[in-house]
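Counting starts at 1 for both ligands and their atoms, following the listed order. The figures that follow rest on heavy atoms only: side chains count, while hydrogens, waters and symmetry mates do not.
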Amino acid sequence: MDEKTKIFIVEDERQIARFLQIDLEKAGFQTAIEKNGKRAYERIIQEKYDLVLLDVMLPEMDGMEICRRVRELSDIPIIMLTARDEIKDKVEGLNLGADDYVTKPFSADEVLARIRRILKRRNEEPRKEENRLVVGNVILYPDRYEVKVKGEVVELTHKEFELLQYLVSNKPNVLSRDQILQRVWGYDFMGNTNVVDVYISYLRTKIEEKYDEKHIYTVRGVGYVIRD
Ligand code: CA
């Protein structure tokens with residue numbers, strides 16, 4: 001199990017990140033390091049890790065904020081790395097949904113013991129990963145017809161949701177207006193293909209303009225495509 005387990009080390013102090021990496025890899029884990037908080041959040045959501053070691057003080061977005069946001073979307077195990085005697089951080093971290101914390105300065109053995117304990121616990125009672133589609137900071141939950149952008153729920157109509165879901169699930173293929181029409185509105189739809197453009201404009205207003213997330217591109221003479 002350990003050979004394939006991927007640990008994401010979010011830590012801006014290079015030496016600490018490096019020493020964790022060396023010891024975790026020696027113990028058979030795969031690792032990745034990120035030192036920027038905002039990028040770390042995006043990578044946790046978009047990439048596939050088994051556990052996150054999360055420092056509190058980070059550039060651009062702190063560990064508490066990352067933990068809070070990630071918990072809205074995922075139950076990936078999180079161990080907070082807190083500075084010595086920051087009791088308040090520990091309590092806050094656990095309230096925000098962190099699984100555990102270690103206090104700096106820590107030994108690699110201590111971190112490894114906690115990682116193994118959490119992974120063992122998770123393995124014994126596997127939780128169901130919710131079905132979701134991700135593009136940038138836009139996350140779709142097809143089972144409950146819900147969309148979140150940057151952690152906020154966006155109100156979409158049924159048709160808007162289906163259109164977005166169809167586009168995102170076909171990324172990076174270009175879809176023609178006819179394909180979209182047939183799939184989302186059905187073969188018996190009597191209206192004009194303009195309806196596709198109208199609904200695309202609704203999505204652009206509700207998601208792209210409001211949240212500054214540009215993912216829907218028009219391919220002239222063909223149709224639409226989703227890009228990260
Ligand atoms: Ca730090």
Practice prompt. Establish, yes or no, whether the cationic atom of Arg69 lies under 6.0 Å from the six-membered ring centre of Tyr41 and within 45° of the ring axis.
Written response: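 Judged by the rule (NZ or CZ under 6.0 Å from the ring centre, within 45° of its axis), Arg69 counts as positioned above Tyr41.
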Fill in: Check against salt bridge (charged side-chain N to carboxylate O under 4.0 Å, His left out), Asp62 and Arg68
CA-CA 10 Å; Asp62 72 37; Arg68 188 184 67 75; over 6 Å; no
Worksheet item: Quick one: does Ser74's side chain have a donor or acceptor within less than 3.5 Å of a partner on Ile76's backbone?
Response: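 Yes; at least one donor-acceptor contact below 3.5 Å.
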Fill in: Between Tyr101 and Arg114: side-chain donor-acceptor atoms closer than 3.5 Å
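Tyr101 vs Arg114: no donor-acceptor pair found between side chains.
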Worksheet item: Between Tyr145 and Phe161, how do the two ring planes meet: parallel, tilted or perpendicular, split at 30° and 60°?
Response: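 Ring orientation, 0 to 90° scale: tilted.
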Practice prompt. Have a look around the Ca ion (ligand 1) and list protein N/O/S atoms under 3.0 Å, or say none.
Written response: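 Short answer, with waters excluded from the count: Asp12 OD1, Asp55 OD2, Met57 O.
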Fill in: Separation of Gln182 CD from Ser176 OG (nearest 0.5 Å)
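Between atom OG of Ser176 and atom CD of Gln182 there are 7.5 Å.
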